[in-house]
Engineer: 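I am attaching a structure below and will ask some questions about it afterwards.
Lettering follows sequence order; numbering is per chain, from 1.
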2 protein chains.
Amino acid sequence: MGVTPIHAIAPEHATHHGTPRCSACSLRAICMPPELTADEFARLDALICTTRPIRRGEALYRTGDTFQSIYAVRAGSFKTVVMHRDGREHVTGFQIAGDPLGLDGICAGKQNCDAIALEDSVVCIIPFAQLEAICREMKPLQHHIYQLMSGEIVRESRQMLLLGTMTAEQRVATFLLNLSKRFKARGFSSAEFHLRMTREEIGCFLGMKLETVSRMFSKFQREQLVQANGKMVRIVDPEGLAQV
Amino acid sequence: MGVTPIHAIAPEHATHHGTPRCSACSLRAICMPPELTADEFARLDALICTTRPIRRGEALYRTGDTFQSIYAVRAGSFKTVVMHRDGREHVTGFQIAGDPLGLDGICAGKQNCDAIALEDSVVCIIPFAQLEAICREMKPLQHHIYQLMSGEIVRESRQMLLLGTMTAEQRVATFLLNLSKRFKARGFSSAEFHLRMTREEIGCFLGMKLETVSRMFSKFQREQLVQANGKMVRIVDPEGLAQV
DNA sequence: CGAGTCCTTGACCTCGATCAAGCGGTGTGG
DNA sequence: CCACACCGCTTGATCGAGGTCAAGGACTCG
């Protein structure tokens, strides 16, 4: 069976690979500041004039690549992986449609992690130097970029809290509820979804081994909190899950 | 004995509390983009016209406070603490002279953590709305702020790697080497320094209990890697520490 | 249909948490 | 000025959550 992303872009946009338009994008509300004028959208459309398809398992960028653009996930999903010189790996995040990618590269002019597609995916390419130029003239967009980056900082500090203080059980519960919330924000079911990542990748994100992740799924199943069948997950009792 | 910060600002600046000047600040190289003209510095000095002293144990801001400004540590040191509704706490970072504070507040317009002074300290106050305005006109400063925020993202993802994959021993070693590097970058000794935080705060930052932190200090002492006497730390064998 | 991946489950072990005791330095009140 | 209380730190003994190792099952893909 081919890989068909559940969270796909609408077909009428998918055909416009050469000329995507933010002004017409279904992810506009997630990606973009709300109060842009038609004229401002036109300038954005001129900036973000290319998309790029990435096959499952391939890298959008790798650690050390020269930083030039940031990206927005248009369809599909990614993981970002940082690596220690001794080979230790850690997944720092999973990005789905509407999420930004590449913000870590601005700092040193080189990407600081690998971004790997979890399924066949498409990203919008946003040349950063040009984005900066437009931001100097478009206050709402400028502020939006600051918010985006600050949001990433907040997300990561929450993840540190999770890694630093929670039990394996609480981490997995938090992970599922977070995914659920994000799917809901994008108009998909918050109760039932398809995990695009393996147990090992989840474990690597949550700071535990894949066996432990599996055991927690089984435990939640037994306690009637979720129904998990391989990568299909159905959240039965979100409140119960939240107070694990 | 009073609390005398080792890493103090030079006396001639300490007296200028009402009118700090970036152009004359010893932390300029850490805080600011390198290539500003005199004119540009003048505009910055006009923006950052106030400092604020914070006593040991007091908060610069708390979670939920309305976000208006970002800050730069001018003297002293801070910890940032996030809290889960159930009371679980986690230290997300320690900030010393030259480090930024408050970037997490841009996202939601409210601060997302508590920033607590570890000793009597002074911060520079940078009103964010005005900073944004200046950034629209000063390209190097604009880029610097993006780099600052990206740097915070990178720092946090390194901390996630630490929390997710390292043993207690490796975490403490990494922590000491990181502090050492930062002190060195500010012109202080990289070999010997005074910890301003308690074992408990270190543990809370590294995802372990204070007893474990203490045991690791003792272990490193036995192995001749560091000499630790309460809060005074001397790094004897940085290479050895690095390959723990 | 067979090989490879991914997932689940069991048995055992280890690292770090927990509990507990004691020490040294500091600040405070008599 | 001393006694005492408190806080932060160290160290030992014990325990348990999660890691490790191993076996087998379910799916996918060539």
Side-chain angles (χ1 to χ4, degrees), chain A residues 1-4 55-57 79 88-91 116 118-120 162-176 194-223 226-233 244, chain B residues 1-4 55-57 79 88-91 116 118-120 162-176 194-223 226-233 244:
Chain A
M1 193 189 81
V3 179
T4 52
R55 297 273 193 68
R56 177 183 183 178
K79 64 172 175 179
R88 243 187 311 242
E89 277 191 11
H90 186 76
V91 173
I116 313 287
L118 296 175
E119 59 190 308
D120 292 358
L162 177 146
L163 291 169
T165 71
M166 294 190 187
T167 65
E169 189 182 17
Q170 293 168 330
R171 293 181 202 193
V172 175
T174 304
F175 169 71
L176 289 174
H194 184 182
L195 300 174
R196 308 316 300 217
M197 65 296 281
T198 67
R199 299 287 189 266
E200 179 159 30
E201 288 162 335
I202 297 173
C204 199
F205 177 57
L206 298 178
M208 66 186 78
K209 293 294 156 181
L210 68 104
E211 293 95 326
T212 307
V213 176
S214 184
R215 278 183 240 275
M216 293 307 140
F217 273 73
S218 302
K219 187 161 190 282
F220 291 151
Q221 182 112 313
R222 250 179 283 126
E223 294 169 348
V226 310
Q227 282 166 28
N229 184 346
K231 298 202 160 158
M232 267 328 282
V233 171
V244 152
Chain B
M1 192 188 84
V3 180
T4 52
R55 296 272 194 69
R56 177 183 185 180
K79 64 173 177 179
R88 244 187 310 244
E89 277 192 11
H90 187 75
V91 173
I116 313 287
L118 296 176
E119 58 191 308
D120 292 357
L162 177 146
L163 291 169
T165 72
M166 294 188 187
T167 64
E169 189 183 16
Q170 293 167 330
R171 292 181 202 193
V172 176
T174 305
F175 169 71
L176 289 174
H194 184 182
L195 300 175
R196 308 317 298 218
M197 65 296 281
T198 66
R199 299 288 189 265
E200 177 159 31
E201 287 163 336
I202 296 172
C204 198
F205 177 57
L206 298 177
M208 66 186 76
K209 294 294 155 179
L210 69 104
E211 292 95 328
T212 306
V213 176
S214 183
R215 278 184 240 276
M216 293 308 139
F217 274 72
S218 303
K219 187 161 190 284
F220 291 151
Q221 182 111 313
R222 250 178 284 127
E223 295 168 349
V226 310
Q227 282 166 27
N229 184 344
K231 298 203 160 157
M232 263 335 274
V233 171
V244 151

Engineer: If I take atom CZ in residue Arg196(A) and atom C1' in nucleotide dC6(C), what distance separates them, rounded to the nearest angstrom?
Structural biologist: 15 Å
Engineer: Is it the case that the base of dC7(C) and the side chain of Glu211(A) share a donor-acceptor contact (distance under 3.5 Å, atom types as modelled)?
Structural biologist: no
Engineer: Find the distance Met232(A):CE to dT28(D):C1' and express it as a whole number of Å.
Structural biologist: 17 Å
Engineer: Remember a base hit wins even if backbone is also touched, and classify Ser214(A) as base, sugar-phosphate or nothing at under 4.0 Å, heavy atoms.
Structural biologist: base
Engineer: Which of these passes salt bridge (charged side-chain N to carboxylate O under 4.0 Å, His left out) with Glu119(B): Arg56(B), Arg196(B), Lys231(B), Arg55(B)?
Structural biologist: Arg196(B)
Engineer: Just call it for Gly207(B): base, sugar-phosphate, or nothing, with non-hydrogen atoms closer than 4.0 Å on any strand.
Structural biologist: sugar-phosphate
Engineer: In whole angstrom, give the distance that lies between atom CD of Gln221(B) and atom C1' of dT10(D).
Structural biologist: 11 Å
Engineer: Starting at atom CD1 of Ile202(B), determine the distance to atom C1' of dT10(D), rounded to an integer number of angstrom.
Structural biologist: 14 Å
Engineer: In whole Å, what is the span from the CG atom of Leu206(A) to the P atom of dA17(D)?
Structural biologist: 19 Å
Engineer: Please confirm whether the shortest side-chain N or O distance from Thr212(A) to OP1 or OP2 of dG19(D) is below 4.0 Å.
Structural biologist: yes
Engineer: Taking atom CD of Glu200(A) as the centre, does the number of heavy atoms from other residues, nucleotides or ligands within less than 6.0 Å exceed 12?
Structural biologist: no
Engineer: Whole Å only: how far is the CG atom of Asn229(A) from the C1' atom of dG25(D)?
Structural biologist: 13 Å
Engineer: Could you state the atom-to-atom distance from CZ of Arg171(B) to P of dC15(C) in whole Å?
Structural biologist: 14 Å
Engineer: Is the shortest side-chain N/O distance from Lys209(B) to OP1 or OP2 of dT18(C) below 4.0 Å?
Structural biologist: yes
Engineer: Whole-Å distance between dC15(C) P and Gln170(B) CD?
Structural biologist: 12 Å
Engineer: Assign each of Glu169(A) and Arg215(B) to its nearest nucleotide of DNA chain D by heavy atoms, then name whichever residue's nucleotide is nearer the 5' end.
Structural biologist: Arg215(B)
